[in-house]
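Order of the sequence lines fixes the chain letters, A, B, ..., with proteins taken first and strands second; residue numbering starts at 1 for each chain.
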Protein chains: 4
Amino acid sequence: MARSARKQEILQAALACFTESGVDATTIEMIRDRSGASIGSLYHHFGNRERIIAALYLEGIGEYAALLEAGLLDSLEAEACVKLFVTGYIDWVVANPEWARFILHNRGRVEAGEMGERLREFNQAHGACIAAILRRHREAGAFKAIPGECFVSVVIGPAQDMARNWLAGRSKRPLAEYRDLLAQIAWDSVRA
Amino acid sequence: MARSARKQEILQAALACFTESGVDATTIEMIRDRSGASIGSLYHHFGNRERIIAALYLEGIGEYAALLEAGLLDSLEAEACVKLFVTGYIDWVVANPEWARFILHNRGRVEAGEMGERLREFNQAHGACIAAILRRHREAGAFKAIPGECFVSVVIGPAQDMARNWLAGRSKRPLAEYRDLLAQIAWDSVRA
Amino acid sequence: MARSARKQEILQAALACFTESGVDATTIEMIRDRSGASIGSLYHHFGNRERIIAALYLEGIGEYAALLEAGLLDSLEAEACVKLFVTGYIDWVVANPEWARFILHNRGRVEAGEMGERLREFNQAHGACIAAILRRHREAGAFKAIPGECFVSVVIGPAQDMARNWLAGRSKRPLAEYRDLLAQIAWDSVRA
Amino acid sequence: MARSARKQEILQAALACFTESGVDATTIEMIRDRSGASIGSLYHHFGNRERIIAALYLEGIGEYAALLEAGLLDSLEAEACVKLFVTGYIDWVVANPEWARFILHNRGRVEAGEMGERLREFNQAHGACIAAILRRHREAGAFKAIPGECFVSVVIGPAQDMARNWLAGRSKRPLAEYRDLLAQIAWDSVRA
DNA sequence: TATGAATGAGTCTTCATTCAT
DNA sequence: TATGAATGAAGACTCATTCAT
């Protein structure tokens with residue numbers, strides 16, 4: 001998805017515009033100016049505005065999910081696994097703050113749009129992958145009794161809230177500073 | 001703030017429109033149609049679109065903060081206090097889903113707008129009130145060592161993430177069902 | 001016309017607004033704020049916006065015409081008479097710059113409006129009065145042969161052009177400085 | 001400035017609308033209807049309403065100034081030079097009544113707008129060109145002692161006042177009829 | 001594939017005016 | 001006479017999208 005160099009330039013320009021002005025306030029012309037592509041080119045590659053947003057979103061969560069899944073396969077212990085959810089998340093946010101901000105604020109929009117089905121499919125596949133790994137640990141008695149719907153929220157919730165604050169410039173200190181503490185708290189929250 | 005009946009009608013209509021169509025997709029005309037007020041009346045009372053959004057946001061968090069502060073004054077124990085953060089939040093979200101959804105998704109917009117300063121002042125005052133109560137318990141040794149910046153995120157993060165999912169229709173079960181479990185987890189996460 | 005103190009306050013406030021913002025950019029609300037009168041009061045006294053403009057215009061030229069006619073009756077010589085046209089005009093402009101600016105730029109508007117007929121009647125009466133005086137001097141052979149339509153333009157044109165420049169802030173020096181020179185040139189231009 | 005055919009069509013349509021309805025009463029839609037261009041095209045070419053007005057003004061005075069300067073270069077005598085100011089002005093007004101009316105009534109508006117600086121630069125350049133020519137004659141003793149600020153007003157003032165009256169439909173006879181008389185009077189007013 | 005002029009439906013906002021008190 | 005909330009027609013302007021080259 002989005003191989004050509006031109007497409008990537010456009011997506012990066014769009015992300016920069018979204019960061020600077022907000023998604024709704026970003027116009028096609030702003031993306032044109034920043035990417036150097038012509039309006040015709042934008043439409044040739046993406047068809048319409050919404051699809052630029054969706055492509056950016058899907059590429060972002062795809063990259064994040066790939067990173068997470070790659071890490072999870074190797075770490076077999078439950079503790080390392082839970083902590084990786086947190087540290088992996090924080091590391092990715094710190095490394096890709098623009099993308100993280102964009103993804104954190106535009107899930108609903110993409111879900112409601114024409115690519116919503118595609119997004120749901122993706123989340124299902126990714127969720128199934130994660131669930132499979134967790135199930136192993138749960139069945140091995142590594143976790144306390146927590147409904148499946150709650151597990152991820154408990155683990156990632158605090159880190160996500162801090163990430164939101166940090167990305168919005170409301171934090172006094174760098175997010176990375178709390179990385180290990182949040183990982184430890186997450187593990188303490190779910191361990192048996 | 002916003003006493004007159006007409007103003008309240010407009011705000012309620014705006015909230016309903018925002019819920020139904022999203023804030024950005026809601027036009028002044030939609031709010032007019034739903035509120036029964038004339039366009040002139042909308043502008044007479046609020047001046048412009050952004051101020052309707054800001055007024056709604058400030059009224060929403062004001063009501064929530066008042067409820068929380070009212071509850072906290074009476075509960076003296078650290079455990080009850082922490083659990084109240086979670087249950088109070090969940091109860092309010094369940095009782096005011098439209099308002100909760102709106103507030104959860106529009107903080108950045110209001111912060112960046114002309115009422116941003118007012119919002120920051122409010123958050124500061126509310127934060128100071130909460131901090132004062134927590135300090136008492138912290139100094140009494142009720143909590144484990146957690147940086148101040150993290151405390152609220154750790155306590156409320158999981159509940160907030162679940163609330164987001166529930167409000168977006170992504171949950172299988174009612175949010176209220178997890179109320180006490182999340183409160184217990186929050187308390188376990190911060191207790192000494 | 002416009003006796004009551006309130007009416008005068010409104011007219012003065014309107015003139016100040018017109019000076020500051022231009023006639024077209026001045027709103028009823030601006031006049032309300034400046035005059036201290038309520039919107040209802042403005043409409044009670046003047047009926048509508050256009051009539052405020054017309055009342056101001058008519059009062060302005062009325063005052064100027066009265067001054068000029070008063071002066072002309074006493075000065076019997078042709079030279080003094082012609083020079084009075086110029087000096088009287090310049091003196092009035094310097095003494096009433098806001099009014100002068102307003103009158104200089106809004107004749108067409110008032111002529112085209114509902115008070116146009118009244119204005120034309122006024123100009124006719126005033127013109128007839130002036131013409132009567134001039135006729136005496138012309139028949140006495142005081143002037144060179146100049147068509148009636150041109151006479152006033154020749155006498156007043158240079159002063160009016162300079163007044164426009166001065167009122168627009170385009171002059172380096174005070175208008176009054178050229179008062180006598182312009183009067184002399186006017187007399188030289190028309191004397192036999 | 002404004003080469004493309006579409007741009008010229010829009011400017012001509014705007015001028016016609018301004019003549020017919022007045023600048024302030026002319027809406028973008030009226031210009032659209034008369035020019036045949038779409039609203040989008042109007043904004044594509046000019047950006048906003050004010051810039052249409054300014055473009056028209058600058059083009060108008062540019063054309064007039066070019067004509068005048070072209071004529072002045074050839075006429076070496078002081079008398080011919082002064083008379084050319086008047087006859088050139090009247091000829092241009094008679095040949096371009098719409099443009100003349102527009103320019104006569106909108107200098108202040110353009111000066112106060114975003115193109116004000118550009119206009120001032122133009123006037124300075126044109127004024128310097130005229131001044132250079134006049135200086136030669138003044139130094140040769142062709143003129144009576146008149147301050148520089150007054151010279152142009154004295155020469156052109158009567159013609160301009162008559163042009164205003166004629167353009168407003170207040171004259172009984174064609175302006176051209178007074179062309180030579182006004183030129184002679186102008187020369188008599190400034191000759192040594 | 002690339003370009004950018006042209007389109008026009010859709011928004012927000014303004015402001016003169018009315019009218020019940 | 002005075003008040004000011006309410007009205008809504010009207011206007012400027014934006015911007016996603018199309019299409020001929």
Side-chain angles (χ1 to χ4, degrees), chain A residues 4-7 10 24-33 35-53, chain B residues 4-7 9-10 24-33 35-53, chain C residues 4-7 10 21 24-33 35-53, chain D residues 4-7 9-10 21 24-33 35-53:
Chain A
S4 99
R6 185 34 75 89
K7 268 183 119 162
I10 293 170
D24 286 289
T26 294
T27 69
I28 291 290
E29 236 153 70
M30 288 161 77
I31 300 174
R32 179 202 61 183
D33 291 343
S35 68
S38 67
I39 289 189
S41 196
L42 288 180
Y43 277 89
H44 176 77
H45 285 301
F46 292 96
N48 66 31
R49 200 186 106 103
E50 188 191 338
R51 292 215 271 267
I52 297 177
I53 297 170
Chain B
S4 102
R6 187 33 78 88
K7 263 182 130 164
E9 283 164 23
I10 292 169
D24 286 290
T26 294
T27 69
I28 290 289
E29 231 163 55
M30 288 161 74
I31 299 174
R32 178 202 58 183
D33 290 343
S35 69
S38 67
I39 288 189
S41 199
L42 287 181
Y43 280 90
H44 180 76
H45 285 300
F46 292 98
N48 64 30
R49 207 185 98 100
E50 187 192 340
R51 291 215 269 268
I52 297 178
I53 297 171
Chain C
S4 98
R6 185 35 75 90
K7 267 182 124 163
I10 293 170
S21 317
D24 286 289
T26 293
T27 68
I28 291 289
E29 237 152 67
M30 287 160 77
I31 300 174
R32 177 202 61 185
D33 291 344
S35 68
S38 66
I39 289 189
S41 195
L42 288 180
Y43 277 89
H44 176 78
H45 284 301
F46 292 96
N48 65 30
R49 201 185 104 102
E50 189 191 338
R51 292 214 270 268
I52 296 177
I53 296 171
Chain D
S4 103
R6 184 39 75 85
K7 264 183 129 164
E9 283 164 26
I10 293 169
S21 318
D24 286 290
T26 294
T27 70
I28 291 290
E29 231 163 55
M30 288 161 75
I31 300 175
R32 178 201 60 182
D33 290 344
S35 68
S38 67
I39 288 188
S41 199
L42 287 180
Y43 280 92
H44 180 76
H45 286 299
F46 292 98
N48 64 33
R49 207 183 98 101
E50 187 193 340
R51 291 214 270 268
I52 297 178
I53 296 171

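Between the CZ atom in A:Arg49 and the CD1 atom in A:Ile52 there is a gap of 8.0 Å [rounded to 0.5 Å]. Annotation: the span from B:Asp33 atom CG to B:Ile39 atom CD1 amounts to 8.5 Å, rounded to 0.5 Å.
Atom pair D:Asn48:CG and F:dG11:C1' shows a separation of 14 Å (rounding to whole Å applied). One interatomic measurement links the two molecules: CD1 of D:Ile10 to C1' of E:dA5, which rounds to 11 Å at whole-angstrom precision. When rounded to the nearest whole Å, the span between CG of C:Asp24 and C1' of F:dG11 equals 14 Å. Protein atom OH of A:Tyr43 is 18 Å distant from nucleotide atom P of E:dA6, rounded to whole Å. To the nearest angstrom, P of E:dT3 lies 13 Å from CG of A:Asp33. Taking atom CD of residue C:Glu50 and atom C1' of nucleotide E:dC15, one finds them 16 Å apart after rounding to whole Å. The nearest whole Å value for the distance from the NZ atom in A:Lys7 to the P atom in E:dT1 is 10 Å. When the P atom of E:dC12 is taken as reference, atom CD1 of B:Ile31 falls 8 Å away, rounded to whole Å.
Comparing E:dT13, F:dA16, E:dT11 by their nearest atom to the side chain of B:Thr27 picks out E:dT11. Comparing atom distances between the A:Arg49 side chain and each of E:dT17, F:dA16, E:dT14 picks out F:dA16 as nearest. If you check E:dG4, F:dT17, E:dA6 against the side chain of A:Ser38, the one that comes closest is E:dG4.
Contact annotation for A:Ile39: base contact, defined as any heavy-atom pair under 4.0 Å involving a base atom. At the heavy-atom level, C:Ser41 lies under 4.0 Å from base atoms of the strands shown.
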Q) Given pairs defined as Watson-Crick or G-U wobble with both distances under 3.5 Å, what dot-bracket annotation applies to DNA chain E, with ( ) intrastrand, [ ] crossing, | other strand and . unpaired? A) .||||||||||||||||||||

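For the OP1/OP2 pair of E:dA5 and a distance below 4.0 Å, the side-chain nitrogens and oxygens of D:His44 include at least one atom meeting the criterion. Distances shown here put a side-chain N or O of B:Arg6 below 4.0 Å from the OP1 or OP2 atom of F:dT7.
Without hydrogens or angle criteria, B:Ser35 side chain to B:Ile31 main chain gives a donor-acceptor distance under 3.5 Å. Although no hydrogens or angles enter the test, the distance criterion places no donor-acceptor pair under 3.5 Å between the side chain of B:Arg32 and the main chain of B:Gly40. In this structure a side-chain-to-backbone donor-acceptor pair under 3.5 Å is missing from C:Arg6 to C:Leu42.
Rounded to the nearest Å, the gap between the P atom of E:dT1 and that of F:dT21 is 23 Å.
When every heavy atom of A:Met30 is checked against every heavy atom of A:Ala25, the shortest pair comes out as SD-O, 3.5 Å.
Where C:Gly40 and B:Ile28 each meet DNA chain E at their nearest nucleotide, the meeting point lying more 5' is that of B:Ile28.
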Q: Decide yes or no on side chain to side chain contact (heavy atoms under 4.5 Å, CB included) for C:Asn48 and C:Arg51, but give the supporting numbers first.
A: CA-CA 6 Å; C:Asn48 65 30; C:Arg51 292 214 270 268; 3.3 Å; yes

